[in-house]
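Presented below is the structure to which this report refers.
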Amino acid sequence: MPELPPLALIPAIDIIGTFVFAISGTLTAADKKLDPFGASVIAFATALGGGTVRDLLLNLRPVWIQEERLLITVFISVLITLLFRKEIGRFRKTMFLFDTVGIALFTILGMEKALRLGVPPLIALVMGVVTAVFGGVVRDILCNEIPLIFRREIYATACLVGGAGYLLMRLAPVPPGVPVWVAVGIIILIRVLAVRLKWAFPNLKSEE
Amino acid sequence: MPELPPLALIPAIDIIGTFVFAISGTLTAADKKLDPFGASVIAFATALGGGTVRDLLLNLRPVWIQEERLLITVFISVLITLLFRKEIGRFRKTMFLFDTVGIALFTILGMEKALRLGVPPLIALVMGVVTAVFGGVVRDILCNEIPLIFRREIYATACLVGGAGYLLMRLAPVPPGVPVWVAVGIIILIRVLAVRLKWAFPNLKSEE
Amino acid sequence: MPELPPLALIPAIDIIGTFVFAISGTLTAADKKLDPFGASVIAFATALGGGTVRDLLLNLRPVWIQEERLLITVFISVLITLLFRKEIGRFRKTMFLFDTVGIALFTILGMEKALRLGVPPLIALVMGVVTAVFGGVVRDILCNEIPLIFRREIYATACLVGGAGYLLMRLAPVPPGVPVWVAVGIIILIRVLAVRLKWAFPNLKSEE
């Protein structure tokens, strides 16, 4: 059985994820009636904020500081989104799918990066989830909202479960490459089911 | 006279502080009607946010990245708090005392860490206060509130005064160990008196 | 033709910028009815937040951690502002000019710092803009507002255009020193014209 390619070899995986997340950031900024500069910052934060927080915590220089292509990707994404907003609105389902694949891949990429630096597994799991979902947290803080993922839906939890599965499979005698794709599949499956079946954690209640 | 033990030797001092601050974060998240995932993030930010900001500023990898026990402590604290919220509500006074001892100890621990890295004394004082109170600031930003400590009560100020006393005593010919405990005592005393006697800075007034 | 002095040689350029930005932070805090401690934190964030974010992204220890004079400058600025608020209100035009010169100089200083670390030009441009305007972003987040510069006026854009001009001029055969002053001039000119002629980007509209 041939070895499956590691995630990092998928061409332009980070570019695609950045592009899609930047679209979602631009749409949020437009809803908030920001100007094009504000929209660019929000798009940037949504797309690259998760990886940036992860890299700061790991005491690394964020990837987008070294290479211009991620920044340029965000800029092109903002431009296209502002020009074709109506058309993009029609593809909400496709967008949802891209977003779901995006958080799945980013979770595992983030975990792998942390694990290779010698970070303990449980912390690496947290780093993976941070990579996937903290862009949205930074976006919501900049837009003066309580981060959406703190209140609604199975989103970060899908990443947590898939990431935990990844850690377990790495200990098991499965062929290399298998854990990555099974974990990515788990995350996508949970997320899709959660939206279809309206799964959500109950919100906590105030005691007062 | 035997040397008093340095703070770092008190067994599990960081674990206890993390546990108590995580309780307070979980209660805040419940008041905001977040879900259990959101509550965990808020608890984490409250408990470990101050030390994380300090370590990022000092260009270090935060302690909780290296060791899993702090993260696990937060998780257990969230679980217990969600299960026993009513009971915990009855111990508000005990909680206040723990919190007060917590900020006192964290102020001095944070200062010591900075001083050992060769940071100038005044900046080390700021690092100590950041360690003690910035968890609450991060919590309030995530919950979309103006940080409480910017508006009310003698809280950070108690840390500032105690920390300044610590710096002065280190220059004086007092036995080692004494400055730590006197400074911790000053912080606790100011904080308790401030709450008892309702000390507070006057709020600034808008000129408009 | 004698070489013009590099920016870093202008005596106390960082002190003056810090002082002026801290005044603006203190006034904002007063409008929000914070207490003096809160005002100090907001003043600090406004004055040193931009450079701090830049240094964290570049994986450096922020300058104010190494030297106490920037912190002391903020403190003196807060004190003076709280004592003489009415008088300072009369100098809004002078304040505007100082602020404009401040963002112009900080843009180029921030870019130079990044370029010398081997950061690609486009990213260095972003670092320059971050240095100049992110203090205001941090201030607005702490005050629970959507950052002003995301919604209004040509502010960050002036820095972007001037910074881009600086990058182009560095490639051209102009005498050293010229690019700095031309770029600073461009930023000031755009900003002043934008305010005089009420230039602003149109805000985006919600599709809903």
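So that the names make sense, note that chain A is the first sequence line, chain B the second, and so on, each numbered from 1. FYI, side chains are in, hydrogens and waters are out, and symmetry mates aren't considered; it's all heavy atoms of this structure.
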Heavy-atom cut-off 4.5 Å, strictly under: side chain, backbone, both or neither for Leu117(A) against chain B?
both
Can you tell which part of Ile42(B) gets under 4.5 Å to a heavy atom of chain A, answering side chain, backbone, both or neither?
side chain
First locate atom CG of Asp35(B), then atom OG1 of Thr157(A), and finally report the distance between them rounded to the nearest 0.5 Å.
7.0 Å
Nearest heavy-atom neighbours spanning Trp64(B) and Ile123(A):
O-CD1, 3.1 Å
Which answer fits Glu68(B), side chain, backbone, both or neither, if we ask what part of it has an atom under 4.5 Å from a heavy atom of chain A?
both
Counting heavy-atom pairs under 4.5 Å to chain B, which of Leu160(A), Asp140(A), Leu122(A), Val137(A) comes out on top?
Leu122(A)
Return the minimal non-hydrogen interatomic distance between Arg61(B) and Leu58(A), and the atom names on each side.
NE-O, 3.0 Å
Looking at Thr52(B), Asn59(B), Ile141(B), Leu56(B), which makes the most heavy-atom pairs under 4.5 Å with chain A?
Asn59(B)
At a heavy-atom separation under 4.5 Å, does Glu145(B) approach chain A through its side chain, its backbone, both, or neither?
neither
More than 12 heavy atoms of other groups within 6.0 Å of Phe96(B) CZ:
yes
By a 4.5 Å heavy-atom criterion (distance strictly below it), what part of Leu34(B) contacts chain A: side chain, backbone, both, or neither?
both
Search all heavy atoms of Pro62(B) against all heavy atoms of Leu57(A) and return the closest pair with its distance.
CD-O, 3.2 Å
